[in-house]
*Asks:* 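Before anything else, here's the structure in question.
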Protein chains: 2
Amino acid sequence: MKEGPDIARIASLVGDPARANMLTALMDGGALTASELALEAGVSLPTASSHLAKLMDGRLLTVASQGRHRYYALAGTEVAAMIEAISGVAAHSGPQRARPGPRDKSMREARVCYDHLAGDHAVAMFDRFVAEEIIVQNDDTVRLGPAGAGFFAARGIDTSGLGAARRPMCRACLDWSVRRAHLAGSLGTAILDKIIAEKWARRPAGSRVVEFTPPGKRAFEKAFLA
Amino acid sequence: MKEGPDIARIASLVGDPARANMLTALMDGGALTASELALEAGVSLPTASSHLAKLMDGRLLTVASQGRHRYYALAGTEVAAMIEAISGVAAHSGPQRARPGPRDKSMREARVCYDHLAGDHAVAMFDRFVAEEIIVQNDDTVRLGPAGAGFFAARGIDTSGLGAARRPMCRACLDWSVRRAHLAGSLGTAILDKIIAEKWARRPAGSRVVEFTPPGKRAFEKAFLA
DNA sequence: TCCATGGTTCGATGGTAATCGAAGCGTTCT
DNA sequence: AGAACGCTTCGATTACCATCGAACCATGGA
């Protein structure tokens with residue numbers, strides 16, 4: 001009987017379908033208004049408001065008031081990591097949806113995991129980084145390896161400033177589609193930023209999918225997977 | 001809007017306090033029987049059985065039948081990682097769990113933690129054992145110290161046979177009321193057995209509370225806390 | 001000042017699920 | 001064989017909470 005933190009309270013917050021939908025809708029790291037979230041969750045506005053209040057009370061969300069709009073967002077990477085972890089378990093437990101729809105296919109390939117890239121490409125990239133000792137993995141903590149700083153500098157990503165913030169530069173994040181790790185942390189964010197900045201891929205609004213253009217995909221593979 | 005794995009289903013499984021307690025009790029990677037888990041969760045056996053069926057249905061647990069016992073364990077590291085992630089958020093979400101109810105007072109003082117004593121008295125006893133080198137603590141593993149065998153022999157507890165079983169003799173168990181360790185394992189069981197056998201205290205049915213009689217309390221303190 | 005719009009609060013309702021006692025199986029021990 | 005034990009199933013009860021309509025508050029614009 002070792003009652004640590006109140007895990008049931010947090011889990012039950014995620015356990016309601018409406019709230020779960022809201023949280024997954026925010027997994028792209030963006031911020032949405034209350035009415036958008038109501039639509040996303042498929043409930044009326046009062047109901048959504050009640051749910052949002054509960055999520056705020058549990059400190060899973062932050063809110064920013066802008067004029068008469070209130071923008072809700074995930075409270076931080078910890079919350080996002082929790083959602084991913086739950087998704088991972090759910091993916092292997094749920095009523096295995098017989099036919100992975102076309103939407104799921106692009107999600108498997110490449111999607112946004114709060115603030116970094118996830119999916120097949122991200123996993124492949126992670127594996128290559130480990131193989132080349134660009135990063136070094138110990139259990140679930142990850143550090144920059146001997147070949148790391150030079151590798152990223154050659155691709156226009158400066159790693160010297162990334163470790164400074166309180167946020168860890170590297171973190172392993174478990175994928176729910178594949179059962180393997182990909183790169184999170186501020187370095188993962190920097191890579192995603194570069195992909196978007198170079199216009200290798202674009203992000204359709206209201207979705208976590210990351211759509212690579214054909215030349216963009218080749219450029220990405222050449223830069224990070226070659 | 002309904003895309004990705006059914007995260008709400010899994011989260012709601014963890015969202016029930018009884019089930020959450022069961023899962024955290026299994027977080028050490030061990031396996032427990034249904035009745036042990038019922039005690040751990042603080043619910044009756046039928047209720048526990050129902051919860052276990054649900055957890056099995058969600059593939060969060062595995063079961064191994066051995067004779068008339070059924071040993072339940074976490075389904076894998078993914079599930080454990082999920083619990084960890086939720087715990088992280090819950091801990092970060094703030095320690096507003098200040099709920100010192102009137103009924104909880106006796107629970108804080110002395111209660112049964114599955115098969116051993118927990119609460120203030122148990123923590124005090126543990127501290128004294130460590131100070132006198134009756135037991136030696138390394139992180140969360142605990143062994144009998146140099147003064148141990150003699151100490152317990154003088155109080156009618158034979159420690160020679162306790163280590164033999166597959167079950168560890170000493171184990172540190174973290175207390176939720178105080179945030180400190182107390183003694184679990186077969187030695188902890190033996191001490192609780194002695195308290196009951198000597199009629200120093202009695203256990204009201206259907207509760208984890210351990211009620212010391214005034215003379216019993218003095219005797220206990222003289223024997224183990226003096 | 002008066003509407004229109006985005007959000008929250010209130011009150012009543014309904015459905016869902018947690019809970020336990022009692023009874024039913026299956027296994028082990030004597 | 002019979003008793004004891006571990007566990008599950010069944011049925012009825014109860015408590016909680018998600019839900020929505022309507023009223024209410026706040027902000028922005030005319």
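Everything quoted here is computed from the prediction, not taken from an experiment. Sequence lines set the chain letters: A, B, ... in the order given, protein chains first and strands last, and positions in each chain run from 1.
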*Asks:* When you measure from the side chain of B:T47, which nucleotide among C:dT19, D:dG6, D:dT19 comes out closest?
*Replies:* C:dT19
*Asks:* With rounding to the nearest 0.5 Å, note down the distance linking CZ in B:F220 to CZ in B:F212.
*Replies:* 4.5 Å
*Asks:* Could you check which of C:dA18, D:dT19, D:dG21 has an atom nearest any side-chain atom of A:P46?
*Replies:* D:dG21
*Asks:* For B:R9 and C:dT16, give me the distance from atom CZ to atom P, rounded to whole Å.
*Replies:* 16 Å
*Asks:* Give the nucleotide from the list D:dT9, C:dT9, C:dT27 with an atom nearest to the side chain of B:S49.
*Replies:* D:dT9
*Asks:* Rounded to whole angstrom units, what separation is found between the CG atom of A:D57 and the P atom of D:dA18?
*Replies:* 13 Å
*Asks:* So, taking the atom named CD in A:E211 and the one named CZ in A:R202, what distance separates them when rounded to the nearest 0.5 Å?
*Replies:* 4.5 Å
*Asks:* Ignoring backbone atoms, test whether A:K54 places a side-chain nitrogen or oxygen under 4.0 Å from the OP1 or OP2 oxygen of D:dA18.
*Replies:* yes
*Asks:* CZ of B:R70 versus C1' of D:dC5: gap in Å, rounded?
*Replies:* 15 Å
*Asks:* In this structure, how many angstroms lie between the C1' atom of C:dG6 and the CG atom of A:L52, rounded?
*Replies:* 13 Å
*Asks:* Would you mind telling me which of C:dA18, D:dT19, D:dT8 lies closest to the side-chain atoms of A:D16?
*Replies:* D:dT19
*Asks:* Of the nucleotides D:dT19, D:dC7, C:dT28, which has the atom closest to the A:V43 side chain?
*Replies:* D:dT19
*Asks:* Would you say A:S50 reaches D:dT19's phosphate, i.e. side-chain N/O to OP1/OP2 under 4.0 Å?
*Replies:* no
*Asks:* Can you tell which of C:dG7, C:dT8, C:dT28 lies closest to the side chain of A:H69?
*Replies:* C:dG7
*Asks:* Any ion pair linking A:D120 and A:R111 (charged N to carboxylate O, less than 4.0 Å)?
*Replies:* no
*Asks:* In terms of the angle between their ring planes, are B:F151 and B:F129 parallel, tilted or perpendicular, with boundaries placed at 30° and 60°?
*Replies:* perpendicular
*Asks:* What is the separation between atom CG on A:L61 and atom C1' on C:dG7, rounded to the nearest whole Å?
*Replies:* 15 Å
*Asks:* Using 0.5 Å steps for rounding, measure from the CG atom of A:L117 to the CD1 atom of A:I196.
*Replies:* 8.5 Å
*Asks:* How close or far is atom C1' of D:dC24 from atom CG of A:L45, stated in whole angstroms?
*Replies:* 14 Å
*Asks:* Classify the nucleic acid contact of A:Y72 as base, sugar-phosphate or nothing, counting any heavy atom under 4.0 Å across all strands shown.
*Replies:* sugar-phosphate
*Asks:* Measure from the side chain of B:R19, starting at C-beta and using heavy atoms only, and say which of C:dT27, D:dA22, C:dA18 lies closest.
*Replies:* C:dA18
*Asks:* Write down the distance between CD (A:E36) and C1' (C:dG7), rounded to a whole number of angstrom.
*Replies:* 13 Å
*Asks:* Among the nucleotides C:dC20, C:dT19, D:dA4, which one has an atom lying closest to any side-chain atom of B:R68?
*Replies:* D:dA4
*Asks:* Whole Å only: how far is the NE2 atom of B:H51 from the P atom of D:dT9?
*Replies:* 14 Å
*Asks:* Ignoring the backbone of B:A34, work out which of D:dC7, C:dT9, C:dT27 is nearest its side chain.
*Replies:* D:dC7
